[in-house]
Colleague: 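Here it is, the structure in full.
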Amino acid sequence: MNPVFALVDCNNFYTSCERRFRPDLAGAPIVVLSNNDGCIISRSAEAKAMGIKMGVPFYQIEPYLTQQGVAVFSSNYALYADMSARVMSILEQESPRVEIYSIDEAFLDLSGMESVATLADFGRHIRTTVQQWTGITVCVGIAPSKTLSKLANHAAKRYPATGGVVDLTSPERQRRLLQLVPVDEVWGVGRRLSKRLYKDGIKTALDLACCHPKTIRQQYSVVLERTVRELNGESCLSLEDVTPTKQQIICSRSFGERITCFQSMREAVCEYTVRAAEKLREEGQTAKRINLFMRTNRHNPAEPQYMPSLGAELPVPTDDTRDLVAAAIRLLRSSWKDGYRYMKAGVMLTDFYEPGVYQPGLFDDAHTRPNAKALMSVLDKINHSGKGQVFLAGQGVQKEWRMKRLHVSPAYTTNWRSLPVVK
DNA sequence: TCTGGGGTCCTAGGACCC
DNA sequence: TCTGGGGTCCTAGGACCC
């Protein structure tokens, strides 16, 4: 059976979520900002039409946005994650195999569906259902490989005449589209690669598809070779409907205000480690390695720069917040230097073991704290209950370094106190 | 003054071993 | 004068994704 993939992708996802709870903003330009209100990461159709670019630092265009009456939101991930879960659960109802690829897109396996309905009809059905039940508009791209389905989705978004659904299973239609698409819009071709490809005379997706896979492998990489094959309708990337276990967990953040004193940095590192440990327990894993990094503002060359990054091995893999925090603070002590204005720090956990699998060495101090598991699970339960937070003293209380979120919307769907009110 | 965060995979090069 | 070669493992860094 020939594989058929559909890529379902939400349009302007973050701004659509915000608009969903602000009917007064229908038809208005909206943007959503990254953490710390740093730069633009989502734009409504109206904002795109005004020429507002992705990734632009907010401070550079804030006056313009105000003057033009653009609605501005800080990112509200609790809201987006909840809306995402609603969309995904619809897809899971409608299709037997779903790979949730990111917060706003999913691949579906439609192999063998041709006999039930035309693929495009099925795409339209998905689109209407999601629209009706969540108010989120999606586009659907259908093709024999993931890379082509991405491209089909792209076309569905770009050309309104498609009605948001493009079936790219026919080779003739594939060719016609590939010819129109610049090579840098192909999935897996980023800034660096497209520059190189361009120099080599490969300018459109079709140019790339016409290259010999073996040559591409020699001159570029195995990854790009796979892309070439996928563009020719040969499926090399399969649907991953069981989520693979994570290899690493990162918690990092830029500070709302620069940090210059050890005490504040200690609080931040402590908080990031606590959060990373929570994620680790959610994954049901234990970690044997922890890394810490800090950095000054690399965008300002006039400032003295310092960006230490170092790691440590734990005696045995652990998911105990207290052990991880202790290790992180040790790393902080050995890399901290006074006299810098730190902009960002982060904690990374790696080298995971399933609990109970690790074989300690003969002379390892395998001592674990009594009742650690019970304590951690109570901690997680309280902090997830929405009733309050329990935290380590080291996380601090004032937190001037906390990130900036001046335009955040309420947690409409995940906190009872923030339910939207209809008057 | 002011530029996100969280992931994955691949490759090159060094250390080490026999 | 002349000092191997192949394999594995680990790490850092690059490139990409959303």
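These values consider heavy atoms only, across backbone and side chains, with no hydrogens, waters or symmetry-generated copies. All values reported here derive from a predicted model rather than from experimental measurement. A note on names: the letters A, B, ... follow the listed sequences, proteins ahead of strands, and every chain is numbered from 1.
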Colleague: Considering only heavy atoms, which members of residues 179-196 of chain A lie under 4.0 Å from some atom of DNA chain B?
Modeller: none
Colleague: Side chains of A/Asn297 and A/Lys344 only: does a donor on one sit below 3.5 Å from an acceptor on the other?
Modeller: no
Colleague: Is it true that the side chains of A/Thr204 and A/Gln179 contain a donor and an acceptor less than 3.5 Å apart?
Modeller: no
Colleague: Is a donor from one side chain sitting under 3.5 angstrom from an acceptor on the other, for A/Asp184 and A/Ser194?
Modeller: no
Colleague: Between B/dC17 and C/dT3, how many Å separate the two P atoms, rounded to a whole number?
Modeller: 23 Å
Colleague: For DNA chain B, whose closest nucleotide is more 5', that of A/Phe58 or that of A/Thr245?
Modeller: A/Phe58
Colleague: For chain A and DNA chain B, what are the first and last nucleotides along the strand, 5' to 3', with at least one atom under 4.0 angstrom from a heavy atom of the protein chain?
Modeller: B/dC2 to B/dT11
Colleague: Distance between the C1' atoms of B/dC2 and C/dC18, in whole angstroms?
Modeller: 25 Å
Colleague: Salt bridge or not between A/Glu271 and A/Arg266? Use side-chain N to carboxylate O under 4.0 Å.
Modeller: no
Colleague: Please confirm whether A/Lys288 makes a cation-pi placement over A/Tyr353, using NZ or CZ under 6.0 Å from the six-membered ring centre and within 45° of the ring normal.
Modeller: no
Colleague: Want to know the stems of DNA chain C: at least 3 consecutive Watson-Crick or G-U pairs with distances under 3.5 Å, which are they?
Modeller: B:5-18 with C:5-18
Colleague: Mind checking whether A/Tyr80 and A/Tyr77 have parallel, tilted or perpendicular rings, split at 30° and 60°?
Modeller: perpendicular
Colleague: On DNA chain B, check which nucleotide each of A/Ile249 and A/Met54 is closest to and give me the residue with the more 5' one.
Modeller: A/Met54
Colleague: Please state whether the rings of A/Phe107 and A/Trp187 are parallel, tilted or perpendicular, taking 30° and 60° as the class boundaries.
Modeller: tilted
